Number of protein chains: 2
Amino acid sequence: MQEQLTKFITDRIQLTEADLQQVLSCFHLLVAKKNEIIGRTGEPSRRMFFVNKGCLRVYYIKPDGREATRRFAFENSFSTSLTSFIGGTLLKEDTQAVEPSQLLYINREDFYRLLNTIPNWEKFYRGFLEQAYIINTSRLEDFITLNPRERYQLLLKENPEMVLRLPNKLVANYLNITQEALSRIKSGS
Amino acid sequence: MQEQLTKFITDRIQLTEADLQQVLSCFHLLVAKKNEIIGRTGEPSRRMFFVNKGCLRVYYIKPDGREATRRFAFENSFSTSLTSFIGGTLLKEDTQAVEPSQLLYINREDFYRLLNTIPNWEKFYRGFLEQAYIINTSRLEDFITLNPRERYQLLLKENPEMVLRLPNKLVANYLNITQEALSRIKSGS
DNA sequence: CTGATTATTTGATCCTGATCAATGTTATAG
DNA sequence: CTATAACATTGATCAGGATCAAATAATCAG
């Protein structure tokens, strides 16, 4: 059950066997049904998820009720509403399993406790933050430098899995366009 | 000269006097003229800047030569193209002083060396990364959830200094709209 | 101070992607 | 399996900003 997580961690930092066990013991299984919402806007941020199997979608809900997708997380990646997780504040976005998913989560207190007890965990967190920052900045760059068609083409090139695996509707939302617009882009009109 | 920087650091982490001096000794003065470009796309990322006085603008250059502003940094903030700084890779954006500026910079090697020599510097970096992530994510949120008028109104509310201090042209570019559109938004048409 | 450059405003037109609507296609629950 | 709902496609129209153009206004270098 925790092989993927173990690999993810040990690929990034060195840990003694005891430290590794302590880290792993903080993670718990959560099985989510398709479309189940596992983090809701307004709740306090409590957990960080590792996706073992399935896919998570993190999205804002606009005042008019429409959604805006910030990111997807597939297998072997971590996902949390980091902005809220950092301060333990209220979530500003929902997290939803868009496929039946198998997740390993760690509670916020445990996560931060590890920072004090496991020397190299700070390094793990640093790498996590750096990666999260890079991904986010690249996404911001896409929005301020590319038009919808270019964004789609870039996504198809850099992240074909997302286009192939997810329904059009969600891909369009991720690109911040309507599904009609995406349909037309795909058909090349 | 280094009072502001000293305050910035000691407000965030605890350092012995010796450690503080070691940190400060890594920072060097750079005076930049208005419109001077102090970091150019394609160069290796070498420096991180602390703005003592003035203002920096970080922007992408699109294939057609137009610019897209990612961020501004005013007094008492750090600025670098973090995405490139992290890996020491080539810059993907320019950094320009939009006002006559007084900067303190630290070289990349020195910055990362401090991570190994000064125990609390890792904590400083963590805070820096967290802040940078939060700011970026909030900006991404603005783009995927708000229209141009709403983005302007939010900016005026949360960051009035930017609207008051910078030329319209730059504010418009930051909002990813034309200066004509911003002019019309401001005049309330 | 002054001429030249750069920024701002305003108007007219255009174009991209949103919206609305209808039809066809897949998934999915029971 | 089948009924129903969710998703995808296609067409027609609309609207918000971009673009182009011209007239002021503000800066700045010399």
Side-chain angles (χ1 to χ4, degrees), chain A residues 32-37 54-55 57 59-60 62-69 72 94 96-101 142-156 162-189, chain B residues 32-37 54-55 57 59-69 72 96-101 142-156 162-189:
Chain A
K33 290 203 256 295
K34 177 166 174 167
N35 291 328
E36 187 173 337
I37 291 174
C55 174
R57 175 170 83 106
Y59 58 95
Y60 298 104
K62 298 192 250 185
D64 66 2
R66 296 206 236 191
E67 302 170 352
T69 302
F72 292 105
D94 274 21
Q96 170 198 44
V98 297
E99 299 175 359
S101 301
D142 295 347
F143 277 115
I144 65 179
T145 63
L146 304 176
N147 64 33
R149 162 167 268 118
E150 293 167 332
R151 288 204 297 277
Y152 169 71
Q153 286 164 345
L154 185 64
L155 183 67
L156 192 57
M162 237 163 85
V163 178
L164 298 171
R165 184 166 165 179
L166 298 170
N168 259 339
K169 190 187 159 149
L170 294 184
V171 175
N173 195 254
Y174 182 74
L175 294 169
N176 205 31
I177 60 178
T178 60
Q179 59 180 332
E180 291 95 327
L182 177 58
S183 175
R184 286 186 243 264
I185 288 172
K186 277 185 162 183
S187 78
S189 64
Chain B
K33 289 203 256 296
K34 176 167 174 167
N35 290 328
E36 187 173 337
I37 290 173
C55 174
R57 170 178 168 253
Y59 59 94
Y60 298 104
I61 301 177
K62 298 191 249 184
D64 66 1
R66 297 205 236 191
E67 301 170 353
T69 302
F72 292 105
Q96 169 198 45
V98 298
E99 299 175 0
S101 300
D142 296 346
F143 277 114
I144 65 179
T145 62
L146 304 176
N147 64 31
R149 160 167 270 117
E150 293 166 333
R151 288 204 297 277
Y152 169 71
Q153 286 163 345
L154 185 64
L155 183 67
L156 192 58
M162 239 164 83
V163 179
L164 298 171
R165 184 165 164 179
L166 298 170
N168 261 340
K169 189 187 161 148
L170 293 184
V171 175
N173 195 253
Y174 182 75
L175 294 169
N176 206 31
I177 59 177
T178 60
Q179 57 180 333
E180 291 95 328
L182 178 57
S183 175
R184 286 186 243 264
I185 288 172
K186 278 185 160 182
S187 79
S189 63

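A, B, ... follow the sequence lines: proteins, then strands. Residue 1 opens every chain. All values derive from a computational prediction rather than experimental measurement.
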Run the salt bridge (charged side-chain N to carboxylate O under 4.0 Å, His left out) check on B:E150 and A:K62 step by step: do they pass?
-> CA-CA 12 Å; B:E150 293 166 333; A:K62 298 192 250 185; over 6 Å; no
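- Taking atom CG of residue A:N35 and atom P of nucleotide D:dA6, one finds them 10 Å apart after rounding to whole Å.
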Give the B/S/- string for nucleotides 13-30 of chain D, one per nucleotide from 5' to 3', where a protein heavy atom under 4.0 Å of the base yields B, of only the sugar-phosphate yields S, and otherwise -.
-> ----SSBBB------S--
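- Counting heavy atoms from C-beta on, the side chains of B:I185 and B:L175 never come closer than 4.5 Å.
- Remark: side-chain polar atoms of B:N168 are not paired, donor with acceptor, to backbone N or O of B:S183 under 3.5 angstrom.
- If you walk DNA chain C from 5' to 3' and mark each nucleotide with an atom closer than 4.0 Å to a heavy atom of chain B, the marks span C:dA7 to C:dA12.
- With respect to A:L182, the side chain to side chain contact (heavy atoms under 4.5 Å, CB included) criterion is satisfied by exactly one of A:R184, A:E180, A:K186: A:K186.
- Of the inter-residue distances, the one linking B:D64 atom CG with A:T145 atom OG1 reads 10.0 Å to the nearest 0.5 angstrom.
- B:L170 contributes atom CG, which lies 10.0 Å from atom OH of B:Y59 (distance to the nearest 0.5 angstrom).
- Panel note: side chain A:S101, backbone A:C55; a donor-acceptor pair is recorded below 3.5 Å.
- Side chains of A:Y174 and A:R57 form no contact here, defined as non-hydrogen atoms less than 4.5 Å apart.
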